[in-house]
2 protein chains.
Amino acid sequence: MGPQRERGFKLTPQRAAIMAYLEGNHSHPSAEDIYAAVLEKYPMVSLATVYNTLEVLKQMGKVTELNIDGERKHFDPETEPHHHMICTRCKKIVNVRKDFDLEVPRDMAEGFTIEGRHADFYGVCADCADEAKAAA
Amino acid sequence: MGPQRERGFKLTPQRAAIMAYLEGNHSHPSAEDIYAAVLEKYPMVSLATVYNTLEVLKQMGKVTELNIDGERKHFDPETEPHHHMICTRCKKIVNVRKDFDLEVPRDMAEGFTIEGRHADFYGVCADCADEAKAAA
DNA sequence: TTCTCTGCAAATGCTTTGCAGAGGC
DNA sequence: GCCTCTGCAAAGCATTTGCAGAGAA
């Protein structure tokens with residue numbers, strides 16, 4: 001199956017570089033973004049290793065996969081529950097740290113046991129609004 | 001660019017079949033699902049036409065693209081705002097028609113002009129919970 | 001040795017695109 | 001004729017997988 005099967009996690013230089021890049025990163029990078037960033041300081045990394053590492057980190061609960069963007073997956077090292085605003089123009093993803101009251105009433109739940117909740121907000125960010133204004 | 005550029009929309013038999021399948025459909029099908037369903041009654045449809053039609057319907061605002069599932073896109077003919085529960089085992093998507101209070105406080109909005117909002121709930125559906133119980 | 005991890009390259013799977021032909025007005 | 005739409009096949013991308021070799025214990 002996956003990389004290591006139920007044994008230890010080996011902290012290789014590649015993995016360390018990826019984790020260092022993700023640490024405290026709020027840019028919600030894609031695998032390709034991470035690959036590009038890590039490559040700069042660490043030329044011996046392959047994209048496959050980035051994907052592999054992300055999978056491991058995901059299973060360790062150190063990273064969350066975001067399926068907000070239909071084009072590619074994004075990764076978020078922030079593990080506390082939070083929400084996102086997405087700019088529909090530049091695709092920027094910004095955190096929203098607010099505790100919304102998201103409970104599905106029992107009569108709508110259809111027997112679901114809900115374990116996670118997440119809100120997306122779609123709109124236009126300040127930068128893109130400025131650009132649009134400048135172009136007009 | 002797209003199919004028809006700013007001219008009329010031609011309601012071909014293929015498109016009618018796709019729209020008929022989507023009408024009142026709450027199963028949140030993928031393009032492949034739609035293709036399979038339409039093929040049964042209408043053998044002369046190609047997957048490319050399904051994608052093409054979905055793109056047109058999306059631009060007409062008659063269908064929403066859901067990026068909930070990282071594996072493939074799903075399509076939803078329900079245009080009124082609503083939310084979704086997703087079973088993490090069988091990937092089933094179920095509507096949640098409740099008007100949650102989803103407003104981003106101005107001091108968190110970072111200049112975003114928010115135009116849409118959507119909540120996802122992740123969990124295990126009743127069927128999958130039963131299966132798990134039976135297997136135990 | 002044993003086991004995981006890595007890079008490369010090939011493969012996969014969803015989605016898009018190019019294009020010639022069909023059909024409507 | 002003019003234009004859009006269609007099916008097919010090829011192309012495009014993001015992501016995954018197979019595998020031989022490297023490296024740590």
Side-chain angles (χ1 to χ4, degrees), chain A residues 1-21 28-60 62-75 91 93, chain B residues 1-21 28-60 62-75 91 93:
Chain A
M1 283 182 79
Q4 85 297 321
R5 51 210 76 163
E6 307 311 322
R7 307 289 179 95
F9 170 77
K10 199 179 277 185
L11 213 194
T12 64
Q14 288 90 333
R15 289 180 172 181
I18 292 168
M19 290 172 76
Y21 174 69
H28 310 86
S30 65
E32 199 80 41
D33 293 335
I34 297 168
Y35 176 56
V38 170
L39 257 195
E40 282 183 23
K41 299 200 170 180
Y42 209 93
M44 319 111 85
V45 191
S46 74
L47 187 52
T49 295
V50 172
Y51 275 108
N52 174 330
T53 300
L54 287 170
E55 177 63 29
V56 174
L57 293 176
K58 206 168 66 182
Q59 284 178 19
M60 288 167 46
K62 295 206 174 230
V63 146
T64 305
E65 184 183 294
L66 300 182
N67 292 323
I68 286 172
D69 177 354
E71 310 308 303
R72 75 202 87 252
K73 293 175 181 172
H74 292 261
F75 297 88
K91 309 291 181 186
I93 302 174
Chain B
M1 287 179 78
Q4 84 297 320
R5 50 210 77 161
E6 309 309 321
R7 306 291 180 94
F9 170 77
K10 199 178 278 187
L11 213 197
T12 64
Q14 288 88 334
R15 290 181 171 181
I18 292 168
M19 292 172 74
Y21 174 68
H28 310 86
S30 66
E32 198 81 40
D33 292 336
I34 296 168
Y35 176 57
V38 170
L39 257 196
E40 282 184 22
K41 299 199 170 180
Y42 209 92
M44 320 113 83
V45 192
S46 74
L47 187 51
T49 294
V50 172
Y51 275 107
N52 175 329
T53 300
L54 287 170
E55 178 62 30
V56 174
L57 293 176
K58 204 168 65 181
Q59 285 179 19
M60 288 167 48
K62 297 206 173 229
V63 146
T64 305
E65 184 183 295
L66 301 183
N67 292 323
I68 286 173
D69 177 354
E71 311 307 304
R72 76 202 87 252
K73 294 176 179 168
H74 292 261
F75 298 87
K91 310 293 181 186
I93 302 174

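Proteins come first, then strands; the chains are lettered A, B, ... in the order of their sequence lines, and each starts at number 1.
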Considering only heavy atoms, which members of residues 32-41 of chain B lie under 4.0 Å from some atom of DNA chain C?
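Heavy-atom contacts with DNA chain C come from no residue of residues 32-41 of chain B; none.
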Do the side chains of B/N67 and B/K73 get nearer than 4.5 Å, heavy atoms only?
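The answer is yes, as the side chains (C-beta and beyond) meet within the 4.5 Å cut-off.
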Heavy-atom donor-acceptor pair, A/R72 side chain to A/A31 backbone, under 3.5 Å:
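Not at all, since once roles are kept as given, no pair shorter than 3.5 Å links the two residues.
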I'd like to know if the side chain of B/N52 and the backbone of B/T49 have a donor-acceptor N/O pair within less than 3.5 Å.
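A pair under 3.5 Å: no.
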For a quick test of reading the model, state the closest non-hydrogen atom pair linking B/V38 to B/A17 and the distance between them.
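For B/V38 and B/A17, the tightest heavy-atom pair comes out as CG1-CB, 3.8 Å.
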Among [options], the nucleotide that comes nearest once only the side chain of [X] is considered:
{"X": "A/R72", "options": "D/dA14, C/dC14, D/dT6", "answer": "D/dA14"}
{"X": "B/T12", "options": "D/dT15, D/dG7, D/dC5", "answer": "D/dC5"}
{"X": "A/N52", "options": "C/dT6, D/dA14, C/dT15", "answer": "C/dT6"}
{"X": "B/R15", "options": "D/dG7, D/dC5, C/dG7", "answer": "D/dC5"}

From [atom1] ([X]) to [atom2] ([Y]), nearest 0.5 Å:
{"X": "B/H28", "Y": "B/F75", "atom1": "NE2", "atom2": "CZ", "result": "12.5 Å"}
{"X": "A/D69", "Y": "A/H74", "atom1": "CG", "atom2": "NE2", "result": "4.0 Å"}
{"X": "B/Y35", "Y": "B/Y21", "atom1": "OH", "atom2": "OH", "result": "14.5 Å"}

Short side-chain N/O contact from B/S46 to OP1 or OP2 of D/dT6, under 4.0 Å
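Looking at the OP1 and OP2 atoms of D/dT6, neither is under 4.0 Å from any side-chain N or O of B/S46.
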In whole angstrom, give the distance that lies between atom [atom1] of [X] and atom [atom2] of [N].
{"X": "B/D69", "N": "D/dT15", "atom1": "CG", "atom2": "P", "result": "13 Å"}
{"X": "A/M19", "N": "C/dC5", "atom1": "CE", "atom2": "P", "result": "13 Å"}
{"X": "A/M44", "N": "C/dC8", "atom1": "CE", "atom2": "P", "result": "11 Å"}
{"X": "B/L11", "N": "D/dT6", "atom1": "CG", "atom2": "P", "result": "10 Å"}
{"X": "A/Q59", "N": "C/dC5", "atom1": "CD", "atom2": "C1'", "result": "15 Å"}
{"X": "B/Q14", "N": "C/dG23", "atom1": "CD", "atom2": "P", "result": "11 Å"}
{"X": "A/I18", "N": "C/dC5", "atom1": "CD1", "atom2": "C1'", "result": "12 Å"}

Result of checking A/V45, A/T53, A/L54 against A/I34 for side-chain contact (heavy atoms from CB on, under 4.5 Å):
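Passing option: A/L54.
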Summary of protein contacts for nucleotides 16-24 of chain D, nucleotide by nucleotide, where a base hit scores B, a sugar-phosphate-only hit scores S (4.0 Å, heavy atoms)
BB-----B-
For A/E32, give me all partners under side chain to side chain donor-acceptor pair (under 3.5 Å), at least two apart in sequence or on another chain.
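So A/E32 forms no side chain to side chain donor-acceptor pair (under 3.5 Å) with any residue.
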